[in-house]
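The sequence lines fix the lettering, A, B, ..., with proteins before strands; numbering per chain opens at 1. Since we're looking at a predicted model, the values are computed, not measured.
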Protein chains: 2
Amino acid sequence: MEEKQLKQVRHFNRAVTRRIGVLTDNYLGSGRPLGEARVLFEIGMDGANVRDLRARLSLDSGYLSRLLRSLERQGLATSQPDGDDGRVRWVTLTPKGRKEWKALDRGAQDVAVSLLAPLGERQRERLLAAMEEVERLLRASAVAIEPVDPGSADAQVCIEAYFRELEERFETGFDPARSISAAPEELVPPAGLFLVARLDGQPVGCGALKVKGRRLGEIKRMWVAPSARGLGIAQRLLDALEQHAAEAGLGILQLDTNRTLSEARALYVRNGYVEIAAYNTNPYADHWFEKRGLRRRK
Amino acid sequence: MEEKQLKQVRHFNRAVTRRIGVLTDNYLGSGRPLGEARVLFEIGMDGANVRDLRARLSLDSGYLSRLLRSLERQGLATSQPDGDDGRVRWVTLTPKGRKEWKALDRGAQDVAVSLLAPLGERQRERLLAAMEEVERLLRASAVAIEPVDPGSADAQVCIEAYFRELEERFETGFDPARSISAAPEELVPPAGLFLVARLDGQPVGCGALKVKGRRLGEIKRMWVAPSARGLGIAQRLLDALEQHAAEAGLGILQLDTNRTLSEARALYVRNGYVEIAAYNTNPYADHWFEKRGLRRRK
DNA sequence: TAAATTATCTGACTATAGTCAGATAATGGA
DNA sequence: TCCATTATCTGACTATAGTCAGATAATTTA
């Protein structure tokens, strides 16, 4: 990574947090302590339960309790036990609280207006496009890829979502039992590898490697959640699997895929996989690919 | 301004301040109160004088004094009277303080690395380009344009910088006395108007309107600081002057310019000014322009 | 059903951040 | 030279943010 690039990122961080940060100190203009204002805003027009509030704002339970009590004393919020779980309390804003919420919301709106208002229409469009790009790529950079046990909860979430998607997309539907197996124990080192991609702790993709011979491996279970597509996650999963395969001494990787999965096919072609004759009898496979001469990256 | 655009800006603000903000809480990881860490970092490797520190961090003088004392007590900084001004104190970091500074700097560097590291080279380049664009446009949106008295300090700063630049750029040099006059009193309503553009309080551009007849006006003193070019400031100044001229009932605007000022000429042409015969004997003018049929904008 | 866990609350703290009113000394301008 | 201003410092405050150790009641797990 170049020095110059890092410098630019740091500059951006400073500039943006200063420019937006200062304006975002909307809460401070409310004439109300930051903590209280944050809680009030987070309760929102629809109300919220205290457990969620605590998680979202990551506050100490005692502290939050006190803040809520203070809002209640000021007639801004009321609380009652939640229907489902008698331990949890459900907080709602009173009419007075809603009024305050709207004032805070208006403040945030004003910030947005004050950023856009001085610009001409063309500049405005460029700013919005660049903002979207930055946001998207920061999301991409927050994705972490890690090997996990294929039996772990996160892995299971991914595999189930993967099967559900295949069921929807294949013209014939999809029954895991009829497909070529990749049992959990086949995807644990040294027989294989199972990777999960996570965004903010939530699993959003997976990919697996199954070792089939001294030099031969197979790619399985490549999937990315629809909400996280376009972030380059599949490419990173594939890179990591190939890297691991190369380190394990494998020289050839194979995989099969269905005609309806066109993004996947494009990914494989882009990465140097070439179509070969069927190497298995998977009823769901329409294309078989192979890549030879894997190389370890630095 | 569209609802959708505002929503997108708010989303960006939340997402970016969260993502970067959390990481930027570098200071908090230093095991040192935020205030102290900020001051220590701001003193920097080269030292700083207390007056500047106070301005940069906008801290109460008493508070800052106490923070500095605390840093001194911990053996992180030392201070002595400044050479130039006996009232001001000059603070320097001790070797121990420099070590802490480096740790903070490394933290900020790590943030930048952690943002870029997970991305591929192409994504990295796109992120940096988008960051640059956002930064540039946020800077543009922070520029405020206001009418001021042409005799005010900010106006003078601009005019002097403008003359200095003409002196440099014109092949013949530039002597204000030989140029066609625009005395301060001619640029005050209702005889005229003088606008200053400011970025973070600093004047970075100006433009003036001189009323020459019942329907005729002239554009003068169009200038933007080199450091603030590319932000669309000249366009905004021109828009504001035309708007004011239209409201004052003027139907024709004229202006003269020198052949070396090509950006200016492009600006005028882009805005519908057409070249006309010389309407004055300004020795520094090579081109004369005119725009008819001004219209008030909404 | 007993035991462990979870969600909230209360009381008793501490640390940080920040404000305000002088006091003092150096500087700059009339 | 005198006076207003400026930069810093000290003392005396206050408010906010946050932590921690139980207590209590509801829920889940064994």
Side-chain angles (χ1 to χ4, degrees), chain A residues 21-22 24-43 47-74 76-92 100 104 153, chain B residues 21-22 24-43 47-74 76-92 100 104 153:
Chain A
V22 168
T24 299
D25 286 349
N26 179 19
Y27 287 137
L28 297 177
S30 68
R32 178 178 302 295
L34 178 64
E36 269 183 25
R38 286 210 309 157
V39 170
L40 192 149
F41 192 75
E42 204 64 26
I43 293 173
N49 81 48
V50 174
R51 176 178 35 187
D52 289 356
L53 279 181
R54 229 188 34 217
R56 270 185 280 168
L57 300 167
S58 45
L59 293 174
D60 174 86
S61 64
Y63 186 29
L64 176 56
S65 180
R66 223 177 308 274
L67 288 172
L68 288 173
R69 209 72 352 93
S70 160
L71 290 176
E72 285 174 19
R73 239 181 296 112
Q74 296 170 67
L76 298 164
T78 53
S79 65
Q80 63 214 50
D82 186 305
D84 291 343
D85 186 333
R87 291 168 303 182
V88 176
R89 287 186 77 80
W90 182 263
V91 204
T92 338
E100 291 259 343
L104 288 172
Chain B
V22 169
T24 298
D25 287 349
N26 181 19
Y27 287 137
L28 297 177
S30 69
R32 177 176 304 294
L34 179 64
E36 269 184 24
R38 286 210 309 157
V39 171
L40 192 151
F41 192 74
E42 204 64 27
I43 293 172
N49 80 49
V50 174
R51 176 177 36 186
D52 289 355
L53 278 182
R54 227 188 36 218
R56 269 185 282 167
L57 300 168
S58 45
L59 292 175
D60 174 86
S61 63
Y63 185 29
L64 177 56
S65 181
R66 223 177 305 276
L67 288 172
L68 288 172
R69 209 71 356 91
S70 161
L71 290 176
E72 284 175 19
R73 238 180 297 112
Q74 295 170 67
L76 298 166
T78 54
S79 66
Q80 64 215 49
D82 186 305
D84 292 343
D85 186 333
R87 292 169 301 182
V88 177
R89 287 185 79 78
W90 182 262
V91 205
T92 338
E100 291 259 343
L104 288 172

Worksheet entry | B/Asp60 CG to C/dA21 P, straight-line distance once rounded to whole Å | 11 Å
Worksheet item: For B/Arg66, which residues count as a salt bridge (Lys or Arg N to Asp or Glu O under 4.0 Å) partner, sequence neighbours excluded?
Response: none
Fill in: Any B/Leu59 side-chain heavy atom under 4.5 Å of B/Val39 side chain
yes
Item to complete: Using a 4.5 Å cut-off on heavy atoms from C-beta on, say whether the side chain of A/Arg32 contacts that of A/Leu76.
Response: yes
Fill in: Separation of D/dA26 P from A/Gln80 CD (nearest whole Å)
16 Å
Worksheet item: Which comes earlier along DNA chain D counting from the 5' end, the contact point of A/Arg38 or that of A/Gly86, where each point is its nearest nucleotide?
Response: A/Arg38
Worksheet item: Nearest 0.5 Å, what's the CG-CZ distance between B/Leu64 and B/Arg69?
Response: 9.0 Å
Worksheet item: How many Å lie between CG on A/Leu67 and C1' on D/dT16, as a whole number?
Response: 10 Å
Worksheet item: So, A/Glu36 versus A/Ser70: side-chain donor-acceptor pair below 3.5 Å or not?
Response: yes
Worksheet entry | Rounded interatomic separation in angstrom, taking OH from B/Tyr63 and C1' from C/dT19 | 11 Å
Acceptor/donor pairs from residues 82-89 of chain A side chains to any protein atom, 3.5 angstrom cut, sequence neighbours excluded:
unit_1: A/Asp82; atom_1: OD1; unit_2: A/Asp84; atom_2: N; d: 2.9
unit_1: A/Asp85; atom_1: OD1; unit_2: A/Arg87; atom_2: N; d: 2.9
unit_1: A/Asp85; atom_1: OD1; unit_2: A/Arg87; atom_2: NE; d: 3.1
unit_1: A/Asp85; atom_1: OD2; unit_2: A/Arg87; atom_2: NH2; d: 2.9
unit_1: A/Arg89; atom_1: NE; unit_2: A/Ser79; atom_2: OG; d: 3.3
unit_1: A/Arg89; atom_1: NH2; unit_2: A/Ser79; atom_2: O; d: 3.2
unit_1: A/Arg89; atom_1: NH2; unit_2: A/Ser79; atom_2: OG; d: 3.1

Item to complete: Round to a whole Å and report the spacing from CZ of B/Arg32 to P of C/dT16.
Response: 11 Å
Worksheet, complete the sentence: Atom CG of A/Leu34 and atom P of C/dG18 are separated, to the nearest Å, by 11 Å
Close N/O contacts between protein and nucleotides 2-9 of chain C (under 3.5 Å):
unit_1: C/dT6; atom_1: O4'; unit_2: A/Arg87; atom_2: NH1; d: 3.2
unit_1: C/dT6; atom_1: O2; unit_2: A/Arg87; atom_2: NH1; d: 3.3
unit_1: C/dA7; atom_1: OP1; unit_2: A/Arg51; atom_2: NH1; d: 2.9
unit_1: C/dT8; atom_1: OP1; unit_2: A/Arg51; atom_2: N; d: 3.0
unit_1: C/dT8; atom_1: OP1; unit_2: A/Arg89; atom_2: N; d: 3.4
unit_1: C/dT8; atom_1: OP2; unit_2: A/Arg51; atom_2: N; d: 3.3
unit_1: C/dT8; atom_1: OP2; unit_2: A/Arg54; atom_2: NH1; d: 3.3
unit_1: C/dC9; atom_1: OP1; unit_2: A/Arg69; atom_2: NH2; d: 3.1
unit_1: C/dC9; atom_1: OP1; unit_2: A/Arg89; atom_2: NE; d: 3.4
unit_1: C/dC9; atom_1: OP2; unit_2: A/Ser65; atom_2: OG; d: 3.2
unit_1: C/dC9; atom_1: O5'; unit_2: A/Ser65; atom_2: OG; d: 3.3

